[in-house]
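Numbers here are sequence positions counted from 1.
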Amino acid sequence: MDPKSRQIIQDYKSALSEKIDLSRIIDLLKEFKLFTKAMLEDIFDVNSTLNFYDELCSRGPHAFSTFIVILKKVGYQEIAEMLEKPHDVKSLKPFYYKMDSTPVGYCLIIINEIFEDETKNRRGSKVDAYALEILFEKQLGYKVTIKWNKKAFEMFSILLQFSKKPGFETVDSCVVYILSHGGRYKNRDYILGTDHEEIYLDDIYEMFNNENCESLIGKPKIFFFQACRGNHDDHGVKVKTVDSKDTTNLLEKLSSPDASDFSNDSSVLNTNSISTFTDIIIVHSTLPNHRSWKDHETGSWLCEDLVNVVSNHYHDFDLGTMLTIVSRRMQRRVSGIDTKQIVHVETLGATGLIHFNRKKNVSLKN
């Protein structure tokens, strides 16, 4: 979804939550394939913390228009027309996180390559490590620490210690990037240590929430997980051949500098209380319950495309826009057994856009 449409959904999220009965549109969500079946099960699970409208913003470039069509089909004509009205992007005033400290933040990378069961070793990890270190430290301005081949209890200890880092007081963000095997149990994602023991991701998020990591309150906490989330394979859906000119036009639209037209606002925090989980951005290499792929020579699919896109476009676009381009690129990939993979982005109380080049881009100055 393009930045303007994402902002419209976020601005009207409260009203949409109040006026729309999601049970009335779930069948059409399936019919139009706006979400996978597994994603819908997660969103509508009674114990889920996912917000439908946040997840909607992470879908593809046609998600907004498809959502409008669905609303009209079930009788929410007035709401659909409200969303379709011309909106002045500048009047929306989205908030950009402050991202101009030196370093801009601390980045912890944990890579599990060698496992106790040698058949599970992850070849190609060194390629990912080199690329990520160059991206986050040399280009984006993070202080990077890389940890190799840790058992689950060691990973937990490293993450907990990192969440208590005194340096967070003086920087603007943090990044955690974990590359390993993983899975999913009762709608809970986990990552594996080299001993094949699990660490559940919600336990990791809890370390960095506003109760346990006060020095990062109001600052973006970005998590990347390169790991399987189950054993399902996506064999894709056959589509008609797209005209090359149409493909070029779509890529040009995805690369348009819409984000640079956004004006800025000041961050306002409730002085009485804030939510326990805010400003958390989560990027999974694959969908819930699905396998994740990598190349033994060029590294993981997500890492390769992420590094390529961000290193070339972080001057121009916010992270959300760049992840949309990453998603587009990953759609072109296919594994050796003819399967597909798509990036999955989640947010927990995100309150702004992340632009890694705010210091140099005067149009984004607070």
Rounded to the nearest 0.5 Å, what separates atom NE2 in His232 from atom CZ in Arg184? 10.5 Å
Could you tell me if the ring centre of Phe356 sits under 6.0 Å from that of Phe136? no
With respect to Glu113, which candidate in Lys126, Arg123, Lys147, Lys120 satisfies the salt bridge (Lys or Arg N to Asp or Glu O under 4.0 Å) definition? Lys126
State whether a side-chain donor-acceptor pair under 3.5 Å links Asn210 with Ser275. no
Leu140-Val176 co-clustered via ILVMFWY side chain contacts under 4.5 Å: no
Residues Lys72 and Glu84 bridged, charged N to O under 4.0 Å: yes
Check this for me: Asn231, atom CG, are more than 12 non-hydrogen atoms of other residues, nucleotides or ligands nearer than 6.0 Å? no
Between the side chains of His284 and Glu346, does any donor sit under 3.5 Å from an acceptor? yes
When you measure from the centre of the six-membered ring of Phe67, is the NZ or CZ of Arg59 closer than 6.0 Å and no more than 45° off the axis? no
Phe52 with Leu348, same ILVMFWY side-chain cluster at under 4.5 Å: no
Test: Lys165 cationic atom under 6.0 Å from Tyr106 six-membered ring centre, within 45° of axis: yes
Check: Val144 main-chain N/O paired with Glu137 side-chain donor or acceptor under 3.5 Å: yes
For the residue pair Phe224 and Tyr177, does the interplanar ring angle fall in the parallel (under 30°), tilted (30 to 60°) or perpendicular (over 60°) class? parallel
Mind checking what makes side-chain contact (heavy atoms from CB on, under 4.5 Å) contact with Ser157, not counting sequence neighbours? none
Identify whether the distance between the nearest side-chain nitrogen and carboxylate oxygen of Asp45 and Lys186 falls below 4.0 Å. no
Residues clustering with Tyr190 (ILVMFWY side chains joined when closer than 4.5 Å, directly or via others): Tyr185, Leu192, Tyr200
Inspect the surroundings of CD in Glu116 and state if more than 12 heavy atoms from other residues, nucleotides or ligands are less than 6.0 Å away. yes
Is it the case that over 12 heavy atoms from other parts of the model lie below 6.0 angstrom from the NZ atom of Lys13? yes
Are side-chain N/O atoms of Ser292 and Gln226 paired as donor and acceptor at under 3.5 Å? yes
Below 30° counts as parallel, above 60° as perpendicular, anything between as tilted: where do the rings of Phe225 and Phe223 land? parallel
